[in-house]
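The structure appears right after this line, and notes come after that.
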Amino acid sequence: MRLVFAGTPEPAVPALRALLDSPRHEVVAVVTRPDAPAGRGRKVVRSPVGAVADEHGIEVLTPAKAGEPEFLDRLRELAPDACPVVAYGALLPQRTLDIPARGWVNLHFSLLPAWRGAAPVQAAIRAGDEITGASTFRIVKELDAGPVFGVVTEKIQPTDTAGALLERLAESGARLLVSTIDGIEDGTIQAVPQPADGVTYAPKVTVEDAKVSFADPAHAVDRLIRAVTPDPGAWTEFRGERFKLGPVTVLDEPALPPGELRVERKRVLAGTATQPVRLGEVQAQGKKRMAATDWARGTRIDQGERLS
């Protein structure tokens, strides 16, 4: 089939590469978010998906909005049979959805109808889900509510960060998307409406959402930190300044007051509402990221001082 692929960030790249490698389909163009400033120098760069398209000499479309007349005209000229989508990052109006004969097919990183929205992987980890996965579905106007073509499942490991889990789902999801497109072409796959029960939502995670409260139980502290690693990154405050946190280890040891630090020779502990946690990597304001023990050696921490 003739395909126009829509996607933007790194997790969409495995799916694009898998479709480019498929002998059955032709990716005639890519739709991605406009080039944007990135990195410390704020240099304007192409999205990861756009960069892969450039490598293969594929036309890249970067509309500010997916309903722009110029974009719609070009999409009609390209005459795609279907438009696979992975983390494109913008709403698709109905006039855009109507163009490909076989619709827009989205790869979403959850087991729908659970965790519709922008941050399904983060939401699954924070909620303590044991199993998650990826779904392919036909896009409709309502958010992530279209009928589902297929799913793959993935066990969430106790130490998984959002980054690690998303990396695995991007690979298994890429294979699912290719098989879905194959099935649509063959007529051997049929989309099934999502059940009305079990719908949950996963909105975009903000920096404020990533603030850790050590007044929460240890398991909640652990899940939140892993859910926002690497982006936007967990943080709290120490001595009135922002203090970034990497994943922690929950300990089966006597409690410490919430947030209180205990510095030992080979570890640094912080209290929670339940048992303490051992800090992993940390980053104080104006400093580089380092092991908590190295940070503690260079910081005179008074007895009873806390992470707030």
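Values below: every heavy atom of this structure, side chains too, minus hydrogens, waters and symmetry copies.
The residues Asp81 and Arg2 are annotated as not salt-bridged, no charged nitrogen and carboxylate oxygen being separated by less than 4.0 angstrom.
The shortest heavy-atom contact between Ser135 and Leu112 is OG-N, 3.2 Å. Heavy atoms only, all atoms of each residue included: Pro147 and Val140 are closest at CD-CG1, 4.3 Å. Heavy atoms only, all atoms of each residue included: Ala12 and Val49 are closest at CB-CG2, 3.6 Å. In terms of heavy-atom proximity, Gly183 sits nearest to Ile189 at C-CG2, 3.1 Å. Among all heavy-atom pairs drawn from Thr236 and Val212, the shortest one is OG1-O, 3.6 Å. Minimum heavy-atom separation, Ala162 to Ala227: CB-O, 3.3 Å.
Within the structure, salt bridge (Lys or Arg N to Asp or Glu O under 4.0 Å) pairs that include any residue of residues 5-21 comprise Arg17-Glu55 (at least two apart or interchain). For residues 211-233, no residue pair satisfies the ring pair (Phe, Tyr, Trp, His ring centres under 6.0 Å) rule, not counting sequence neighbours. Every pair passing salt bridge (Lys or Arg N to Asp or Glu O under 4.0 Å) that includes a residue from residues 204-227 is listed here, sequence neighbours excluded: Asp222-Arg226. Listed by first then second residue, pairs satisfying side-chain hydrogen bond (donor to acceptor under 3.5 Å, both in side chains) with a partner in residues 187-197 read Arg116-Gln194, not counting sequence neighbours. Pairs of residues two or more places apart, or lying in two chains, that qualify as salt bridge (Lys or Arg N to Asp or Glu O under 4.0 Å) and include a residue from residues 237-247 are Arg239-Glu305. Every pair passing ring pair (Phe, Tyr, Trp, His ring centres under 6.0 Å) that includes a residue from residues 284-308 is listed here, sequence neighbours excluded: Phe238-Trp295, Phe243-Trp295. Contacts classified as salt bridge (Lys or Arg N to Asp or Glu O under 4.0 Å) and involving residues 264-285 (residues at least two apart or in different chains) are given here: Glu253-Arg267, Glu264-Arg267.
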Can you give me every donor-acceptor pair (side chain of residues 57-65, partner residue at least two apart or in another chain, under 3.5 Å) with its distance?
from  : atom 1 : to    : atom 2 : distance (Å)
Glu59 : OE1    : Arg74 : NE     : 3.4
Glu59 : OE1    : Arg74 : NH2    : 2.7
Glu59 : OE2    : Arg74 : NE     : 3.0

Give every donor-acceptor pair under 3.5 Å between a side-chain atom in residues 83-108 and any protein atom, sequence neighbours left out.
from   : atom 1 : to     : atom 2 : distance (Å)
Gln94  : NE2    : Asp98  : OD1    : 2.7
Arg95  : NE     : Gly67  : O      : 3.4
Thr96  : OG1    : Ala66  : O      : 2.7
Arg102 : NH1    : Ile184 : O      : 2.6
Trp104 : NE1    : Thr96  : O      : 3.0
His108 : NE2    : Ser110 : OG     : 3.4
His108 : NE2    : Trp115 : O      : 2.8

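The closest donor-acceptor contact from the side chain of Arg168 to the backbone of Lys155 lies under 3.5 Å. Checking side-chain atoms of Thr136 against main-chain N and O of Thr180 turns up no donor-acceptor pair under 3.5 Å. A donor-acceptor pair is defined here as one N or O able to donate and one able to accept, closer than 3.5 Å; such a pair exists between the side chain of Ser213 and the backbone of Ala215.
Side chains of Arg297 and Asp294 form a contact here, defined as non-hydrogen atoms less than 4.5 Å apart. Using a 4.5 Å heavy-atom cutoff, the side chains of Gln122 and Asp231 are not in contact. Looking at Thr161 and Pro247, their side chains come closer than 4.5 Å, going by heavy atoms from C-beta outward. By the 4.5 Å heavy-atom criterion applied to side chains, Leu20 and Val52 are counted as neighbours. Between Pro232 and Val205, some side-chain heavy-atom pair lies under the 4.5 Å cut-off. Leu261 has its side chain within reach of Leu279: a pair of non-hydrogen atoms, C-beta onward, lies under 4.5 Å apart. Between Val27 and Ser22, every side-chain heavy-atom pair lies at or beyond the 4.5 Å cut-off.
Neither Val178 nor Val151 shares a network with the other; the hydrophobic side chains, linked directly or stepwise wherever heavy atoms of I, L, V, M, F, W or Y lie under 4.5 Å apart, form separate groups for each. Under a hydrophobic clustering in which Ile, Leu, Val, Met, Phe, Trp and Tyr are joined whenever their side-chain heavy atoms come within less than 4.5 Å, directly or via other members, Leu269 and Met290 fall into different clusters. One hydrophobic cluster, built from ILVMFWY side chains closer than 4.5 Å, cannot hold both Leu169 and Val148; they sit in different ones. Leu251 and Val221 fall into different hydrophobic clusters, defined by Ile, Leu, Val, Met, Phe, Trp and Tyr side-chain heavy atoms under 4.5 Å apart, directly or through other members. Residues Leu78 and Phe5 are members of separate hydrophobic clusters, defined by side-chain heavy-atom contacts under 4.5 angstrom among Ile, Leu, Val, Met, Phe, Trp and Tyr.
Chaining together hydrophobic side chains whose heavy atoms lie under 4.5 Å apart leaves Val45 on its own. Taking Ile, Leu, Val, Met, Phe, Trp and Tyr as hydrophobic and joining them when side-chain heavy atoms fall under 4.5 Å apart, one finds Val199 in a cluster with Leu143, Tyr201.
Asp252 CG: 12 or fewer foreign heavy atoms inside a 6.0 Å radius. Around the CD atom of Glu77, the shell of radius 6.0 Å holds more than 12 heavy atoms that belong to other residues, nucleotides or ligands.
The distance from atom CG of Asp35 to atom CZ of Arg46, rounded to the nearest 0.5 Å, is 5.0 Å. Atom-to-atom distance recorded for Leu3:CG and Leu177:CG is 8.5 Å, nearest 0.5 angstrom. Interatomic distance, Asp129 CG to Ile156 CD1, rounded to the nearest 0.5 Å: 5.5 Å. Atoms CD1 and CG, from Ile181 and Asp186 in turn, are 11.5 Å apart once rounded to the nearest 0.5 Å. In this structure, Ile131 CD1 and Leu111 CG are separated by 8.5 Å, a value rounded to the nearest 0.5 Å. Residue Leu176 holds its CG atom at 13.0 Å from CD of Glu171, rounded to the nearest 0.5 Å.
With sequence neighbours excluded, the residues satisfying salt bridge (charged side-chain N to carboxylate O under 4.0 Å, His left out) with Glu185 are Arg24.
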* Please step through side chain to side chain contact (heavy atoms under 4.5 Å, CB included) for the pair Leu165 and Phe109, ending with a clear verdict. => CA-CA 10 Å; Leu165 179 56; Phe109 298 117; over 6 Å; no
